[in-house]
There are 2 protein chains.
Amino acid sequence: MSLEDQLYDFVFAYDAAFERAAQDSGLSGAQACLLVQIGRGSRTMGELAADLVCDASNVSQLVRRLESRGLVVREPDPEDRRTRRVSITDAGRETSRAVEKRFTLPAERVGRLAKAEREQLSRLLAKVSGPEVGPEPTG
Amino acid sequence: MSLEDQLYDFVFAYDAAFERAAQDSGLSGAQACLLVQIGRGSRTMGELAADLVCDASNVSQLVRRLESRGLVVREPDPEDRRTRRVSITDAGRETSRAVEKRFTLPAERVGRLAKAEREQLSRLLAKVSGPEVGPEPTG
DNA sequence: TATTGTTATACTCTATAACTATA
DNA sequence: TATAGTTATAGAGTATAACAATA
């Protein structure tokens, strides 16, 4: 199997595992992703759209669904009342932790590697990360 | 940044890049994924559902959309007329290649690595692949 | 006027349940 | 009866366009 096929398979398994972890808490993958993000610190709607690289109207609906379940709250920013800060609630924190706990794939997979291998992998990932520089003449 | 965060970032970038490549050809990510799969060899509807780990009714709709664009065809299997084999058309082949060509991320990222590094990465990916053995008794 | 966010709308993705056709 | 696939339906994800509120 080619290295590119290996990458595909890993990503496929990763995505599926996250989706399952989310659904175990009654959330969609998109909702869980957003909830975990908000759990790391309050965000404005615009910041969330930037984080998820999606349209603001999409974030509006996702946040509305999370809020309707009591997992997050939207509050107007006192300094600029156009913006709304989204924060996680206690119930949201609990759900977020449940999702992360259920999402065992990364820890389990990384746990298969020895310390030196983890350092190798980290170095390789750092090298393949970051923005694409340009079209590659793979000829 | 932790190794797990590095994995998250890589997967996020990978998914986004595939989605963009698909949309450049007027397809959704799911449609493009299916089309590429069919391009590797004709499949029955059930096989496609197994490949994508999703419900058969979902495949029915995805294939119907691809077929309505003339990218694939469904034909009854002469030996068991319940099953239908899905094959790619010439137009579908062209579109599939366009998607793969646009999906430059894997080649570009792998291209940043020296040969020895690619072998390292391949070995590490092999080690972290395969079904989870962990504490989850799949019940 | 520009920016932040929401709402209306339309399309796709996806699963469940009910259905058809074949075995 | 069991299997392969489709259709009806419903909820969710997503983007575009139109809108409201604030700057």
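The chains referred to below are lettered A, B, ... by the order of the sequence lines, with proteins before strands, and numbering in each begins at 1. Not measured: the values here are computed from a predicted model.
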Handout entry: Sub-6.0 Å ring centroid separation between Phe103(B) and Tyr14(B)
Key = yes

Practice task
Round to a whole Å and report the spacing from CE of Met45(B) to P of dT20(C).
Solution key: 19 Å

Practice task
Could you tell me whether the phosphate oxygens of dA2(C), OP1 or OP2, come under 4.0 Å of any side-chain nitrogen or oxygen in Arg82(A)?
Solution key: no

Problem - Nearest-nucleotide 5' precedence on DNA chain D, Gln61(B) against Ala56(B) - result: Ala56(B)

Practice task
Provide the closest heavy-atom pair for Asp51(A) versus Phe12(B) in the form atom of the first, atom of the second, distance.
Solution key: O-CZ, 3.7 Å

Exercise for the section: Look at Arg84(A) and dT6(C) and indicate whether a side-chain polar atom (N or O) is within less than 4.0 Å of OP1 or OP2. Expected result: yes

Exercise for the section: Can you tell me the distance, in whole Å, between the CG atom of Leu52(A) and the P atom of dT14(D)? Expected result: 8 Å

Problem - Gap between atoms CZ and C1', on Arg65(B) and dT7(D) respectively (whole Å) - result: 13 Å

Handout entry: Glu47(A) CD - dG5(C) C1' separation (whole Å)
Key = 13 Å

Problem - Separation of atom CZ in Arg69(A) from atom C1' in dA12(D), rounded to whole Å - result: 11 Å

Practice task
Using a cut-off of strictly less than 4.0 Å, decide whether Asn58(B) has a side-chain nitrogen or oxygen near OP1 or OP2 of dA15(C).
Solution key: yes

Exercise for the section: Name the nucleic acid region contacted by Arg74(B), choosing base, sugar-phosphate or nothing; use a 4.0 angstrom heavy-atom cut-off, strictly under. Expected result: sugar-phosphate

Handout entry: Integer-rounded Å distance: dG11(D) P and Leu27(A) CG
Key = 17 Å

Handout entry: In one Ile/Leu/Val/Met/Phe/Trp/Tyr side-chain cluster, 4.5 Å: Val63(A), Val36(A)
Key = no

Practice task
Using only heavy-atom distances, decide whether a donor-acceptor pair under 3.5 angstrom links the side-chain of Ser57(A) to the base of dT14(D).
Solution key: no

Exercise for the section: For Asp55(B) and dA4(D), give me the distance from atom CG to atom C1', rounded to whole Å. Expected result: 12 Å

Exercise for the section: Using distance alone, with no hydrogens and no angle criterion, decide if Thr44(A) and Arg85(A) have a side-chain donor and acceptor under 3.5 Å apart. Expected result: no

Exercise for the section: Name the residue closer to the 5' end of DNA chain D, choosing between Cys54(A) and Pro78(A) according to the nucleotide with the nearest heavy atom. Expected result: Cys54(A)

Fill in the blank from the handout: In short, salt bridge (Lys or Arg N to Asp or Glu O under 4.0 Å) pairs touching residues 2-11 of chain B with sequence neighbours left out are none

Practice task
Figure out the CZ/C1' separation between Arg81(A) and dT3(C), and round it to whole Å.
Solution key: 15 Å

Exercise for the section: Pick base, sugar-phosphate or nothing for Thr83(A), based on heavy-atom distances below 4.0 Å to the nucleic acid. Expected result: sugar-phosphate

